[in-house]
Structure formats: C-alpha cells, structure tokens
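By convention in this document, chain letters (A, B, ...) are assigned in the order of the sequence lines, proteins followed by strands, and residues within each chain are numbered from 1. The basis for the numbers below is simple: all heavy atoms, side chains too, and nothing from hydrogens, waters or symmetry mates.
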Amino acid sequence: MSALSRRERARRIRELLEREGAAVRENTQTFNARRYAALDELDDLEALRAEARRIKEAAIEDLPSLVAALEASVEANGGRVHHAADAAEARAIVADLLADHGAETVVKSKSMTTEEIDLNEALEADGTAVWETDLGEFVIQLADEAPSHITGPAIHRSRASIAELFAETFDLEAVPETADELTEIARTFLGERIREADAAITGANFLAARTGTVALVTSEGNARKCVATTPVHVAVAGVEKVVPTVDDLEAFVQLLARSATGQAQSAYLSLFTPPLSAPAVDFDRADEPIAAGSTERAFHLVLLDNGRFDLRDDEQLRETLYCIRCSACANSCANFQHVGGHAFGGETYSGGIAAGWETGVHGLESAGTFNDLCTGCTRCAPNCPVKIDIPWINTVVRDRLHREGDDGRFDSLVDGLTPGDATVPRDARLFARIDRALSLASALAPASNWLAGTRPVRALLERAVGVDARRPLPTVTDDPFSGWADRRRTSTEASDVVLYPDVYTEYLAPARGRAALRTLEALGLEVAVPPAPESGRAPLSQGLIDRARERAEAAEAALRPHLEAGRPVVVIEPSDLAMFRREYARLLPPGRASRVAAGTFDPFEFVEAHLGERPPDAVGLPDGTGRRAVYHPHCQGRTLGLAEPTAAVLERCGYEVTVTSAECCGMAGSFGYTVDHYDLSVAVGRSLVEEVEAHDPAVVLASGTSCLEQLEHLGASRPRHPVHLLDPADRGRLPGDGAGRGRL
Amino acid sequence: MNARVRRFLDELDDLGVDATTTSVDAFAVALRDRLERPAVGVPIDVPGCTLADLPVETAPTPADLAAAATGVTPAAIGVAATGSVLLADDGGLTEAVSLYPRRHVVVVPASAIVAGIADGIDRLAAVAETAGTSGVLATGPSATADMGDLVVGAHGPAAVDVLVVADR
C-alpha cells in the first residue's frame, strides 16, 4: 500500500460516508439498540452463550465424523450430498445439477455462502435465469451491487434510492413512495419468478447430522415458498454449519434472531428433512389439483470446504467457524455503523468476524483490504452469541499481514525512533513505540509541542507517517506524572495500593493521575507509583504480537512484587487495564496472566469496593448533588464492565449520571490520527458529540485519553476524566497543571 | 379459558395477529366469519371440526392457490409464551396453503397449546426427525425490513388469524 493508495482509500471512505453512511448508520444503530433490549429479556443469556459456544466447539472438533454422519443421513433419506473443495468446484457442481434436472430458472433465498462462491454469475453465464427472492438481495441484484451487511445486504440503501431503482428497472411512471408499495412490487414480480422456477437454491443456518435436517431462520417466507413450490432443492452450505442433532438448535434459536435484528424470534424457523414428501406446486399444470405424490422431489446438499478445514487447523483463527452469521459484531461496531460493509468488508463478508472469514475463504489479502478499520475497541466481543474473540482474530490477521511483507508505507523518519522489522510499516512502528516518542517529546517540551504544531512539521508528519494534518496533536507535559508523585514522596515500595503510571497519564494527562492519587489518599490509603513499562497495548493495537508479548513480560515483571504482596494495582487508562485483564491471557502463561487480571482495577471499581456501605462523604469524597454528568465509557472499559461502577460511584456522590450509548468515540488510540481514517474517525466522533450535547448542560466525562482528545477536537464542552469529580482538591475548574492545555 | 390459552392470545395480540377462541360446535360459524374468498385449505384434524361444509377448497389446483385470498391450515401446537404456531407438513399442502394467500387462518386445538418456546422447539425437532417432512415454527405474519421500513406481508401472509378451538 503506497502513500498514494492510502489517499485513495481515504477518498473511498469519504465517498461511502457521503453516499451510504446515513442509511447504514440508521439501520445498524437500530439493530444494535434492539439487540441489547432483546437480549436483556433473557434471564439465562450467559448460560445460552456458553451452551452455543460449547456445541460449536464440539461440532468443529468432531467435524469430519459429523460430515460423514450428515452425508449418511441425507443419502438414507433419498437426497444427495456433494462435496466441494473450493468455490470453482461448488459452482460446477450446482451448474451440473441444474443441467441434470433441466432447470432453466432458479429462485434463491438469501445465502452468504453462495455469495462467497459467486454462484449467480456462474449460473447466469451458463444461461440459467437466477432470481434472488430475499427482498434485500433482490435490491442488490437489480443494482448489481455487493451485500454491505451479512444479514441486511441492502441496508446501505435508503427507501428513496430503492424506489428510484425500482422505477427505473420496472419502467414505472411514478416513483413508489412507501415501503409497502415497494414490497408489493417485489412480491408480485418475484411471485411470478417462483411460480415459473424449476429449482430452488437455499443456504442453511444449521444442518443436523443425525437426521439430515436443514434449518432455515427467515422472516419473509421466501425460502419456504421457493422450497414448497419447486421440485428441486439445492442447499449450499459451509461444512461448519453441521451440528449433531436438531436438539442442539435450541440455544441458537434463542440467540440468533435476537442477536441479528433484536427480535425475540424470526417469523419462521423452518426445519426441512428433505426430500420432502409434500407435492411441489407445478404451475405448468395450473388447473390440475395438486395431488400427494404427484411430483418427484429431489434434494442436493452441496457442502463447501473452500478453506474451512484449513481454518479448523489454524489454532488462532479456528473459532471463526463458530460464527452463526448474526451480524452483531457489525452492528455493535462504531466504525461499521458509520461506513458500512462496502468499506468494512472483503470480497464477501463484512464486519468484525469478516477478518477471519475472508482470511479463511479468500486469503489474507482480502482481509487486508479492511482489517485496518478494526480499532480493537472490543465492543463486538461481549455481543457475540458464540463468544468469539473477534478483536483477537483481527489482531492476528494484522500481525500476519505485517509478516507477509513490507507494504511500503512511509520511509525514513521513524527509523531512529522505532527500530524493528523492515516488514512493519513505519507508522505502525511509531505508534507501537508511543512511550518512547512521548518520553522524548516530554523531555523537549514545551519546544516539542510548539514544533509539532508548526505547519512544516505537520506536513512532514502527514507525508512521512500518515498523521492527518487536521488532527490536533496532544500536548505533551514537561512534568510527567511519576515525577510529580516522586516529589510528593509517594512510596515506590511498601504501600496500600499501587497506581500504575500508564504512558498516557504519564506524559499527556498527568492531571488525572494527580486527581486519582489524591482521591486514593483521601480514602486513607498510602499510594505507591512504581516505575513500570508500557503494557504492550501500543504494539498490540498495531498488530505486533511478539513485541506486545515482550512488553507484557516486562510490565508483568515490574508489577509482580506488588501483585504477589497482594497490593491492588489501580490503572487509570482503560486500554491498559483491558490489556491486563483480557489480552494478557493471550500473551503470558496462564498463572501470571490471571494474577495480573485479578489484581488490577479501574479507579472507580477500586473506590466502589473500598467504600463498601459507607456514604462517600464519610471518606471525604466531594458532593455532586444537583449536578448532571454525561459519561462516555472508553470502549474497552465498557467491555470490561467499567461503566457501571463509574456511574454508581458518581451517583452515590450525588451526580445525576447518563451513560452514552455510542459504542466508541472513533479515536481509538492512533486510528483517528491517520490520513486514511481521519474522516471516519470524525464521523464516529460526531455521533458521540451529538449524543453528549443532547444532555447539555452536564459535565462531560470520558475515561480514555483518546476519547477526550476526540471530544475536545469536535467541540464538546470541557470534557474531563471522571476521576476529577472525586478529587478532594478539584473545585470544578479545569485542572491546570502547567502542562499546556491540561484538560485531561 | 385457562391461563395458558390467555397468554397465547395475549402474545398473538402483541404480534398483530387476530386471535379468538371457539368451541367445536361453533367452529364452522367462527371459521366462516374469518374467510375472505376464495379460500383454500388443508383438512383440520380436530375431532368434530371439518372444512367439508365450508367454502374452502381442500383439493386446490396451483391456480386456486395463486388466486386464494385465504389459506386455512391446522397447527400442531401453539406456544403460549411467544404466540408461535407449529405448522407441520407430512406430505400435504400445509406449507403452500399457509404461504400463498395473503391471509392465513390457523386452527389450533386448545389442548395443543404448550407453555414455552423450548417445548415448541422440542415438538418441531420431533417433526424434523422424520425423513420427508418439514415443520415451521411461525411467529406472526411474514415481514421484511429490506425496503427501508418494516413491512408486514412479504412473500408470505400479511395477516395471520388464529382460531383456538376448545377441544375438551
């Protein structure tokens, strides 16, 4: 990827934001809100997720024997199973089957798997008429577009744009106005196609091995109608869809529709055990009664490998195969919500899990076209019904992309600062060594801040490492937090609690470190601020797993004496806390990882636990009675469940607290700085600012360094870290600390 | 009316499905009131209930199906907690009759209403264990959100009407 192609990418994202952003945002945010509400109704959500996960883990483990059992059942029922090693083989099999049955017209229900193998194009090239009957798929078939979403393929189109498309396609005199009219036009047209069709092609949501049953979860009735009407049913499914029995479906049925569209259930849950004995409906003999046994039905199941068995052998990406394609990872992704799957997707699949699918079925290169849009915010992780660690899959894919070779971005400037593999792009190396860059800038502050703000330097930064000149650089303090703590004579050894000097608090936001320290002291605790290295978050978010592991080793070693002594470690920066709690399990031996995870706390978690039943004023915490606060939890903090204790403590202090619904601020560390991501970052950030401003007047709070940078850049009023509200020395003013704007 | 039937009717109401109860004796009258003609149907297997004397074509041609305004089918069970009905097809025209007409009238014996969705899925699974059969757990009318707004009535029925027969 050259600097030029990076600009082309930026332009393409801008175009998509402009053309499709509004419709995508409205649809995905509606799905997202409804999903939360629908899952909230389940008493046993976590048990269902665990059960769904368990079934998928076992099924993928047993896949070869399940596939054999499925084949035996289908064939015993009178159907046929065809194994396709790759897309070309699958296309050829389906084309041959249709030819054998003399099928000239086929009707399809929605199937991402047939999108994956580009089936329609191949069949049409053979002279077969192929009609997509799912209304969303029909729209994109008419428009000759790719799906932008795995469950709502046409959500990037507004009603008005669909109306124009129909008016043009069907040569209508008046452009239809309502969704009802559009549906009626499509139903009438596609109803005729179904009646004249010779065969039906469907996908499968699940396949039950023991009985040879195909499960389809639908709402329009098109799949049922296609199968009921035509005498030939061809189901195309990835091998990963197999589960042992129909009894295994219950957990998935409870989760799938809720996770997809936020409905308690889809209108239709169909289980077919074909070939069906119900007679087909032959409109060539329209006036003869449809008699039982009047038609010979045929059923073919095309089982597609296309990289799936290799994915199964891939220790890091295997859990991709557990995906039930609900799209919750897309709908809960702030970037996806704003730009949609035409940017945030590969050849076929889109959204967070697509990194795994595209790597598996089309190759790393396809995943590389969009993997950079995953910021690692982790909001998809708790929303995945089968508990796939989608952020980790994206990190692994990014790491592999780096290893595949130098993509040629940006030369020369950062070499001295960030020595390392020549295959890793220099911007990634710069952001991966943010601790070193900030430490250097701090030593040279305030001159470095002045210099970094000058136009020639901004132009150079943009050209050399892709830092967008429109994005303000943070002000680096000349008085790092740990220096202040040293002067205050805090202990570095024995103490009640340790405050981890994360790199952002250290160099960019020392004021929040001071506030946190004074708060802990007000609770009567002795606080130590020992030297400790960066957590490894910075290299991990650039997809540099080995380097992140080295950092994790070092940080864990530095914290170990305190953890072994049972001293709680308070971590202000949520991205570092998430590193300790989530990602260290991937990077360190289990015992060491779990000790870090168990011993690290967000300031508010710690304060809440320490308070116990005592009223906040009893321990000297300030009174916020009558004040309103709107609080945006850092994305990774929200995933850790930090929103609740923060809001709870502030509420106990008297504040009236609203927690934002925006999944992420769009800044995501380095993401919002880069030329190819600035516009998307700002689009995401504007949604958050709109939401925050709707609560005005209120104190604007955010817990991440970059969330605050984004909020300030986009004009939110005096955003602050919530810990300032607990600081006994805070008087509601901006905490000036002599370090530039000192806003954090 | 027992609590389970009442819950079933309430859930159907929430789904926008017309639902009412009737007795075996009043079945024919109640059903006739719910028909828009022409109507096609699948024989009802509730003792004492028949479509025989009603204007419902139970041996339809494809043309009849396409022209029908109402399709009448039995349901094997109803699910009280969700308002779902199980349409089991073991060789007849239940699928086609429940999908082609704009209006689907479903006849559910009160004795076949189960409590929760898990019971419904169990019964559906039992249907699917038999080769050559299909079953669908249908909840409300067919619907789509693909045209820029929620539309009730996509490829399947726009209106579903449930008739619960107090069969004992």
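When heavy atoms are compared at a cutoff of 4.5 Å, B/Thr130 approaches chain A solely by way of its backbone atoms N, CA, C and O. Only the side chain of A/Thr213 has a heavy atom closer than 4.5 Å to any heavy atom of chain B. Contacts between B/Asp149 and chain A at a heavy-atom distance below 4.5 Å involve backbone atoms as well as side-chain atoms. For a residue to count as touching a neighbouring chain, one of its non-hydrogen atoms must lie under 4.5 Å from one of that chain's; by this rule A/Leu216 does not touch chain B. Heavy atoms of B/Leu124 lying under 4.5 Å from chain A belong to its backbone as well as its side chain. Proximity to chain B is limited to the side chain of A/Gln254, based on heavy atoms less than 4.5 angstrom apart. Proximity to chain A is absent for every atom of B/Leu150, based on heavy atoms less than 4.5 angstrom apart. For a residue to count as touching a neighbouring chain, one of its non-hydrogen atoms must lie under 4.5 Å from one of that chain's; by this rule A/Ile162 touches chain B with the side chain only. Interface residue A/Arg210: only side-chain heavy atoms are found under 4.5 Å from chain B. For A/Phe166, the part lying near chain B is the side chain, with the backbone staying farther off; criterion is any non-hydrogen pair under 4.5 Å. With a 4.5 Å cut-off on non-hydrogen atoms, B/Leu99 touches chain A through its backbone and its side chain both.
Of all non-hydrogen atoms in B/Ala154 and A/Thr183, the two that sit nearest each other are CA-CG2, 4.1 Å. Closest approach of A/Pro279 and B/Gly91 over heavy atoms only: CD-O, 3.2 Å. Residues B/Ala96 and A/Ala228 approach most closely at N-CB, 4.5 Å, considering heavy atoms. Considering every non-hydrogen atom in both A/Ala267 and B/Pro141, the closest pair reads CB-O, 3.8 Å.
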Let me see the working for A/Arg224 and B/Ser98 under side-chain contact (heavy atoms from CB on, under 4.5 Å), right down to the final yes or no. CA-CA 10 Å; A/Arg224 294 175 61 202; B/Ser98 67; 3.0 Å; yes
**Request:** Please report the C-alpha distance between A/Lys225 and B/Glu95 in whole Å, then the side-chain angles of each, then the deciding distance to 0.1 Å, and finally whether the salt bridge (Lys or Arg N to Asp or Glu O under 4.0 Å) criterion is met.
**Result:** CA-CA 8 Å; A/Lys225 209 168 183 177; B/Glu95 276 287 89; over 6 Å; no
Before giving the answer on side-chain contact (heavy atoms from CB on, under 4.5 Å), spell out for B/Met147 and A/Glu184 the whole-Å C-alpha distance, their side-chain angles and the decisive distance to 0.1 Å.
CA-CA 10 Å; B/Met147 293 290 140; A/Glu184 187 56 38; over 6 Å; no
Verify side-chain contact (heavy atoms from CB on, under 4.5 Å) between B/Val127 and A/Leu271, making sure each step is shown before the conclusion. CA-CA 8 Å; B/Val127 169; A/Leu271 298 184; over 6 Å; no
For B/Tyr100 and A/Thr229, run side-chain contact (heavy atoms from CB on, under 4.5 Å): C-alpha distance rounded to whole Å, both residues' side-chain angles, the deciding distance at 0.1 Å, then the answer.
CA-CA 10 Å; B/Tyr100 271 86; A/Thr229 305; 2.7 Å; yes
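Remark: the A/Tyr268 side chain and the B/Thr139 side chain contain no N/O donor-acceptor pair separated by less than 3.5 Å.
Per-residue counts of heavy-atom pairs under 4.5 Å with chain B were compared for A/Leu135, A/Val253, A/Thr133, A/Asp284; the largest is that of A/Leu135. Taking chain B as the reference chain and counting heavy-atom pairs below 4.5 Å, the highest number among A/Ala286, A/Ala291, A/Gly221, A/Gly79 is found for A/Ala286. The most heavy-atom pairs under 4.5 Å with chain B, out of A/Arg157, A/Glu137, A/Glu181, A/Arg195, come from A/Arg195. Of the listed residues (B/Gly156, B/Ala126, B/Gly148), the one with the most heavy-atom contacts under 4.5 Å to chain A is B/Gly156. Between chain B and the options A/Pro289, A/Gly136, A/Pro275, the largest number of non-hydrogen pairs under 4.5 Å is found for A/Pro289.
Taking 4.5 Å as the limit, every side-chain heavy atom of B/Glu129 sits out of range of all side-chain heavy atoms of A/Thr273.
Side chain of A/Ser277 to backbone of B/Gly132: a donor-acceptor contact under 3.5 angstrom is found.
The residues B/Arg123 and A/Glu250 are annotated as not salt-bridged, no charged nitrogen and carboxylate oxygen being separated by less than 4.0 angstrom.
Heavy-atom contacts from other residues, nucleotides or ligands closer than 6.0 Å to CD of A/Glu75 number more than 12. By the 6.0 Å contact criterion, CZ on B/Arg34 is enclosed, its count of non-hydrogen atoms from other residues, nucleotides or ligands being greater than 12.
Taking OG of A/Ser270 as the reference point, atom CG of B/Leu137 lies at 9.5 Å (rounded to 0.5 Å). How far OG1 of B/Thr133 is from CG of A/Leu276: 7.5 Å, rounded to the nearest 0.5 Å. A/Phe272 contributes atom CZ, which lies 9.5 Å from atom CG of B/Asp89 (distance to the nearest 0.5 angstrom). Distance check: B/Asp146 CG to A/Arg159 CZ gives 14.0 Å after rounding to the nearest 0.5 Å.
Scored by the salt bridge (Lys or Arg N to Asp or Glu O under 4.0 Å) test, A/Glu71 finds no partners at all (sequence neighbours excluded).
Contact annotation for residues 51-65 of chain B against chain A (heavy-atom separation below 4.5 Å, listed by residue number): B/Ala59, B/Pro60, B/Thr61, B/Pro62, B/Ala63, B/Leu65.
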